[in-house]
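Here the structure comes first, spelled out in structure tokens, and everything after it is commentary.
Chain identifiers are assigned alphabetically (A, B, ...) following the order of the sequence lines, protein sequences preceding nucleic acid strands; residue numbering begins at 1 within each chain.
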Amino acid sequence: MSVSVSNRGGAHIVTLAGEIDLQTSPQVRDAVLDSLRQGGAVVIDMGGISYIDSSGVASLVEGFQVARRQGVAFILAAVSPAAMRVLQLARLDKVFAFQPDVDTALAEGI
Amino acid sequence: MSVSVSNRGGAHIVTLAGEIDLQTSPQVRDAVLDSLRQGGAVVIDMGGISYIDSSGVASLVEGFQVARRQGVAFILAAVSPAAMRVLQLARLDKVFAFQPDVDTALAEGI
Amino acid sequence: MPDRILASLCVPGRAESLRLIRGMVREAALARGATAEWAHDLVLAVDEACQNVVRHGYGDHGLSGDVIVEVTANGEGLCVHVTDFATPVDPATIRPRDLEDIRPGGLGVFLMRALTDECVWEAPPPGAGNVLRLCKWLPKNSREGEHT
Amino acid sequence: MPDRILASLCVPGRAESLRLIRGMVREAALARGATAEWAHDLVLAVDEACQNVVRHGYGDHGLSGDVIVEVTANGEGLCVHVTDFATPVDPATIRPRDLEDIRPGGLGVFLMRALTDECVWEAPPPGAGNVLRLCKWLPKNSREGEHT
Ligand SMILES: Nc1ncnc2c1ncn2[C@@H]1O[C@H](COP(=O)(O)OP(=O)(O)O)[C@@H](O)[C@H]1O
Ligand SMILES: Nc1ncnc2c1ncn2[C@@H]1O[C@H](COP(=O)(O)OP(=O)(O)O)[C@@H](O)[C@H]1O
């Protein structure tokens with residue numbers, strides 16, 4: 001699993017790749033909460049995620065809640081079919097904001 | 001693992017992909033010996049092989065020996081680093097004829 | 001088709017073992033002729049079960065111990081038994097949360113149930129803590145006969 | 001760093017089980033911080049060992065039985081124990097062939113030895129047939145401390 005954070009147009013882009021599970025989700029949580037602490041919108045680039053479990057989903061839900069409290073946008077971009085399946089099962093597909101890719105998220109989502 | 005055989009310029013091209021092991025190498029052996037039985041040069045396209053063990057190598061050695069007896073060319077094309085490592089350990093890198101790809105094998109090897 | 005044990009894996013009940021468990025369950029499912037999507041769902045269900053053993057069975061009580069994951073094929077599909085050596089829990093106390101309540105966590109048991117056709121805690125054999133049985137049936141056209 | 005069992009896999013001693021064994025050994029090696037190349041070499045050595053159990057230990061005698069593959073990490077690298085329940089063989093009779101003699105087969109034991117730092121048959125515990133110990137040491141800079 002890899003996490004990297006960059007800045008574009010005032011928004012934080014958290015780029016995730018690989019398998020997010022109980023072992024790796026704390027890194028995701030840290031990157032998401034760190035970005036939110038600095039203020040501004042957060043876009044999670046999920047295009048490289050090959051697997052996500054409930055602990056990974058929990059990190060995203062936590063980010064979503066903090067963002068809502070702060071009144072900033074929190075967008076999931078480029079969600080793969082495997083990740084979307086887990087979000088749908090958890091009925092979170094109606095909760096999160098989705099965009100097909102990071103560019104669209106920056107242009108239209110925030 | 002997948003094996004497919006085609007014909008180009010009088011030579012048989014045996015295209016292998018995936019993992020060749022004790023379970024799948026009999027298919028490789030059958031395809032190689034069938035092609036040799038029909039006469040003409042044989043090129044093994046190994047570009048798609050991600051793994052090969054001693055039973056896969058044994059199928060290739062058997063093909064090599066039959067081809068030598070028949071006086072036809074037997075060429076390994078596009079051998080990946082993982083496969084080449086196994087052939088080198090077995091000191092077969094000095095035994096087989098290699099070509100970087102099928103086109104070169106057809107143009108120069110046969 | 002009689003029950004056939006495809007594999008049994010014993011690993012320490014720690015987060016680092018989950019990748020190994022997933023790889024084993026995925027390979028066993030593919031070997032049984034499952035599609036990648038079907039295999040993903042069984043893998044996720046087993047991962048959630050093992051994660052709960054790591055976090056609750058052992059972690060919550062400061063314990064450590066192994067997890068055994070056994071995959072069996074039968075005529076209908078695959079069954080996976082997850083055995084731990086933690087304190088036995090009353091299955092009635094293990095329940096998924098209400099999904100309307102959006103908060104981090106509390107999804108594991110829900111996913112396990114949603115992703116499988118059977119999800120039951122069995123009576124553990126002497127010495128074991130808990131045994132969870134997760135089964136998932138293959139589509140009718142992949143069921144008949146031996147594995148592909 | 002004390003010895004630490006990463007995983008133990010029990011599978012039927014059949015050709016179809018080799019993929020599962022490879023996947024398990026590869027994941028364990030990667031979890032221990034190995035490169036893909038290092039992992040490939042250990043995976044191939046273990047595959048060759050298990051293949052010989054399937055073909056010679058069980059197959060040659062019309063027997064069937066399980067293979068247990070146990071992966072242990074220590075300060076130097078990884079050790080894998082391959083246990084079968086076939087007839088015990090005299091290790092002295094198991095020898096690689098002369099590589100100058102080019103013919104199909106006869107490479108397994110040679111590869112096992114070439115790919116590992118230790119390759120020894122141990123005294124099997126009661127009930128077991130043969131126990132082969134294969135160890136491979138990591139490059140010095142990946143050795144220290146716990147896994148990554
Ligand atoms: N293996 C287990 N051992 C003990 N308790 C468990 C186990 N699995 C689940 N539980 C209990 O069931 C509850 C629901 O589990 P789950 O749906 O995975 O959500 P979470 O673990 O995030 O709370 C847990 O909070 C725990 O109390
Ligand atoms: N697990 C085993 N049980 C019994 N005999 C074995 C075992 N492994 C190897 N042998 C013996 O050692 C010989 C050499 O093995 P190997 O180098 O793998 O070549 P091959 O299996 O192709 O003959 C075998 O032919 C067999 O007689």
Indicate the atoms forming the closest heavy-atom contact of D:Leu9 with C:Ala7, along with that distance.
-> CD1-CB, 3.9 Å

Please report the interatomic distance [atom1]([X]) to [atom2]([Y]), rounded to the nearest 0.5 Å.
{"X": "C:Glu16", "Y": "D:Arg4", "atom1": "CD", "atom2": "CZ", "answer": "7.0 Å"}
{"X": "D:Arg14", "Y": "C:Leu6", "atom1": "CZ", "atom2": "CG", "answer": "9.5 Å"}
{"X": "D:Arg19", "Y": "C:Arg26", "atom1": "CZ", "atom2": "CZ", "answer": "10.5 Å"}

Name the atoms and distances for all side-chain donor-acceptor pairs under 3.5 Å in residues 63-78 of chain D, with sequence neighbours left out.
{"from": "D:Asn74", "atom 1": "OD1", "to": "D:Glu76", "atom 2": "N", "distance (Å)": "2.8"}
{"from": "D:Asn74", "atom 1": "OD1", "to": "D:Gly77", "atom 2": "N", "distance (Å)": "3.0"}

Partner chain C: residue of D:Val11, D:Leu20, D:Ile5 with the largest heavy-atom pair count (under 4.5 Å) =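 Result: the option with the highest number of such pairs is D:Leu20.
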
Among all residues two or more places apart in sequence or in another chain, which pass the disulfide (SG to SG under 2.5 Å) test with C:Cys119?
->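 For C:Cys119 there are no disulfide (SG to SG under 2.5 Å) partners, ignoring immediate neighbours.
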
Do D:Met24 and C:Met24 come within less than 4.5 Å of each other through their side chains, counting heavy atoms only?
-> no

Heavy-atom pair count under 4.5 Å with chain D, highest-scoring of C:Ser17, C:Pro12, C:Gly23 = C:Pro12

